[in-house]
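Just so we're on the same page: letters track the sequence lines, and every chain starts at 1. Computed over heavy atoms, backbone and side chain alike; hydrogens, waters and symmetry mates excluded.
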Amino acid sequence: MTGVAVVGAAETTELGKIPGMSQQMLHADAALNAMADAGITAKQIDGIATAGQRPTDLAFYLGITPEWVDGTSVGGCSFMLHVRHAVAALQSGLCKTVLITHGESGRSRVGASGFAPEPSSLAGQFEAPFGTFGPPSTFTLPVLRYMKDYGMSHEQLAMVAVVQREWAGLNPRASMRDPISVQDVLDSRMIAYPFHLLECCLVTDGGGALILTTDERISDFAGKPVHIWGTGESVETPMVTQMEDLTSSKAFSIAGPRAMKEAGVAHSDVDHLMIYDAFAHLPLYGLEDLGFVGRGEAPDFIWERNTAPGGSLPLNTNGGGLSYMHSGMYGMYALQESVRQMRGVAPAQVEGAEVSVCLGVGGMFGASGCIVFGNQPKT
Amino acid sequence: MSSPKRPLPAPTPETQHFWEGCRAGELRLQRCGDCEHVYYPPRPFCPKCSSREVNIFAASGRGTLASYVINERPHPAFGEPHSIAIVQLEEGPKMASNVVGCPQTPEALQLDMSLQVTFEAVSEDITLPLFTPVEVSS
């Protein structure tokens with residue numbers, strides 16, 4: 001079966017505060033940058049996938065007449081699922097060149113969509129009446145259980161943010177770059193006990209886009225190809241309070257191992273890792289659910305600086321949602337960083353990195369998608 | 001802490017019995033007639049074995065505190081920082097609620113503490129199931 005590669009990848013020209021662009025234009029700005037990277041125009045694109053906007057919006061806006069469309073929308077990891085679906089579509093010949101876009105006016109809220117669940121939905125009936133009010137008071141709910149079951153300290157949770165700020169310090173495009181200490185995190189304002197401000201993601205504007213094609217066609221594109229070795233996806237529940245196990249994501253546990261198995265990589269083969277970090281506990285859950293460490297071992301693993309600059313497993317090397325940027329649906333930026341690392345052009349480049357694993361989460365712990373990238377075609 | 005602006009559920013035909021139960025002072029769960037699985041939130045079939053043979057019953061209302069946050073940036077209707085809890089019900093399911101009747105502090109809210117359901121009418125149609133700590137004599 002033919003391989004599939006990323007041949008165009010870009011973020012919006014600016015990141016952070018972009019009050020002069022609507023959500024839809026952020027999608028388009030990123031898409032135009034990705035087309036420039038790939039050396040093509042909209043005329044060469046015959047497949048489109050997006051979330052946050054309807055694919056119809058973007059196809060019309062960009063002047064694309066697609067023969068393949070995917071509007072899967074399961075939260076911030078939707079773009080990982082789009083990549084997975086695009087691989088299948090390209091391999092089976094449904095289309096030849098796929099564009100995946102993200103744009104979100106998370107901070108400026110220009111032409112942005114809302115968060116509140118429908119009052120008749122499960123979350124609207126059985127969570128919202130108790131005051132769940134956006135991700136800070138929802139995504140955070142399982143963590144005290146994890147802390148008690150595995151003896152994780154508040155300092156260890158804070159350390160996740162400290163290490164990611166170290167990575168952000170190496171990245172000129174990161175929103176927050178000044179070093180912070182564990183004490184700084186614990187001294188920051190309480191948002192939803194046990195989470196302090198610095199353990200919660202940023203809220204910024206931005207976008208990103210990817211262009212995918214089959215290995216046989218990569219020479220038709222200007223962008224340095226990054227190869228997709230394996231993919232996985234799953235969903236668990238629209239209500240974080242209904243997770244089967246409050247200390248583990250079932251969607252992570254299916255999507256991650258499935259992608260790594262398909263890629264044929266062992267944990268020791270992975271040079272670079274991205275785990276969607278809307279809040280500080282996400283990398284802990286991700287490390288354990290991917291099997292890089294055992295149950296309850298992630299807090300010590302991060303505390304001992306294994307994921308920090310110079311550590312054995314570089315994690316969230318752009319600074320992550322905690323320090324790089326977070327528009328709301330952050331998954332696209334995790335994918336972009338994996339692509340940069342595989343191209344060898346990341347600001348905090350991991351020397352000699354050949355394999356990158358990128359794990360996304362969406363709709364709180366509702367969904368997950370995982371992509372394994374290689375800098376060479378899969379053998 | 002109730003207020004007309006609190007987000008209120010819009011019951012559907014599949015959940016009507018649950019909200020009617022709350023108005024009547026009963027925490028109604030469902031049990032599968034085939035595999036005996038007890039589940040929540042409500043639906044007219046078993047999420048474990050897909051059977052439509054399910055029965056509604058009044059639960060004990062007893063549970064323990066599985067996890068929570070204290071929301072320091074509450075919905076305007078709540079006004080003050082308050083707990084949002086995941087309650088582990090005695091019958092098996094977990095449910096979202098608030099722990100009321102005690103200080104909203106980490107010291108007062110200890111994981112695995114015993115809880116008992118209490119009902120609070122928040123509108124003419126809607127009564128919410130909340131939980132209070134059970135005093136344990138030591």
Side-chain angles (χ1 to χ4, degrees), chain A residues 114-152 154 157 188-197 199-200 203 236-247 279 281 364-365, chain B residues 1-2 6-16 18-19 22 39-43 47 65-88 93-100 104-106 109-112 120 122-123 126-131:
Chain A
F115 258 119
E118 280 295 315
S120 63
S121 67
L122 288 179
Q125 288 192 65
F126 300 106
E127 279 185 349
F130 306 105
T132 55
F133 193 45
S137 57
T138 311
F139 216 154
T140 50
L141 271 166
V143 171
L144 282 180
R145 185 78 261 162
Y146 182 97
M147 293 175 82
K148 181 166 182 184
D149 285 2
Y150 294 119
M152 177 171 73
H154 292 278
L157 184 60
S188 66
R189 187 159 50 92
M190 191 67 82
I191 298 296
Y193 174 84
F195 282 81
H196 306 81
L197 178 68
E199 290 158 333
C200 303
V203 182
E236 180 178 2
T237 167
M239 300 169 68
V240 71
T241 62
Q242 296 302 315
M243 291 171 76
E244 196 169 282
D245 178 349
L246 297 176
T247 69
F279 294 90
H281 59 309
M364 313 311 143
F365 276 112
Chain B
M1 64 194 215
S2 63
R6 183 171 179 147
L8 293 183
T12 60
E14 299 79 22
T15 65
Q16 198 70 43
F18 178 83
W19 296 112
C22 289
Y39 61 89
Y40 175 90
R43 74 211 80 166
L65 183 56
S67 198
Y68 69 93
V69 297
I70 301 169
N71 191 7
E72 297 284 340
R73 298 195 312 170
H75 186 283
F78 285 79
E80 308 240 318
H82 67 93
S83 65
I84 302 170
I86 303 177
V87 178
Q88 175 65 57
K94 293 189 281 276
M95 70 180 288
S97 186
N98 305 118
V99 180
V100 297
Q104 303 292 288
T105 61
L109 296 164
Q110 294 289 331
L111 252 53
D112 302 316
E120 184 175 322
V122 291
S123 76
I126 297 297
T127 294
L128 295 176
L130 308 180
F131 284 80

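For B:Tyr40, the parts lying near chain A are the backbone and the side chain together; criterion is any non-hydrogen pair under 4.5 Å. Contacts of A:Met239 with chain B are made by side-chain atoms alone, with heavy-atom separations under 4.5 Å and no backbone atom involved. Contact annotation for A:Leu122: only side-chain heavy atoms (C-beta onward) come within less than 4.5 Å of a heavy atom of chain B.
With chain A as partner, the option from B:Thr12, B:Leu128, B:Leu111 having the largest number of non-hydrogen pairs under 4.5 angstrom is B:Leu111. If you tally non-hydrogen atom pairs under 4.5 Å between each of A:Gln242, A:Met190, A:Glu127 and chain B, the highest count goes to A:Gln242. Heavy-atom pairs under 4.5 Å with chain A peak, among B:Pro93, B:Pro42, B:Ala85, at B:Pro42.
Ring pair A:Phe133/B:Phe78: centre-to-centre distance not below 6.0 Å.
Across A:Arg145 and B:Leu65, no two heavy atoms sit closer than the pair NH1-O, 3.9 Å. The two atoms that bring A:Pro119 and B:Leu8 nearest to each other are CB-O, 3.6 Å, heavy atoms only. Pairing each heavy atom of B:Val69 with each of A:Ala192, the nearest pair is CB-CB, 4.1 Å. Taking all atoms of both residues into account, the shortest heavy-atom contact from B:Ile84 to A:Leu141 is O-CD2, 3.2 Å. Closest approach of B:Pro9 and A:Gln125 over heavy atoms only: CB-CA, 3.6 Å. Residues B:Ser67 and A:Leu246 come closest through the heavy atom pair CB-CD1, 4.1 Å.
The aromatic rings of B:Trp19 and A:Phe126 lie parallel to each other, their planes meeting at an angle below 30°, with 60° marking the opposite boundary.
For A:Ala128, the side-chain contact (heavy atoms from CB on, under 4.5 Å) partners two or more places apart in sequence, or in a different chain, are A:Pro117, A:Thr132, B:Pro7.
Put simply, the side chain of B:Arg73 reaches to within 4.5 Å of the side chain of A:Ile191, judged on heavy atoms. In this structure, the side chains of A:Phe130 and B:Asn98 come closer than 4.5 Å at one or more pairs of heavy atoms.
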Apply side-chain contact (heavy atoms from CB on, under 4.5 Å) to the pair A:Met243 and B:Ile86, showing each step before the final yes or no.
CA-CA 10 Å; A:Met243 291 171 76; B:Ile86 303 177; over 6 Å; no
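A salt bridge is defined here as a Lys NZ or Arg NE, NH1 or NH2 lying under 4.0 Å from an Asp or Glu carboxylate O, and B:Lys94 with A:Asp245 fails to meet this definition.
Here NE2 of B:His75 is found 10.0 Å from OG of A:Ser137. Values are rounded to the nearest 0.5 Å.
The environment of A:Glu244 atom CD is sparse: at most 12 non-hydrogen atoms of other residues, nucleotides or ligands sit within 6.0 angstrom. Applying the 6.0 Å contact sphere to CD of B:Glu14 captures more than 12 heavy atoms from other residues, nucleotides or ligands.
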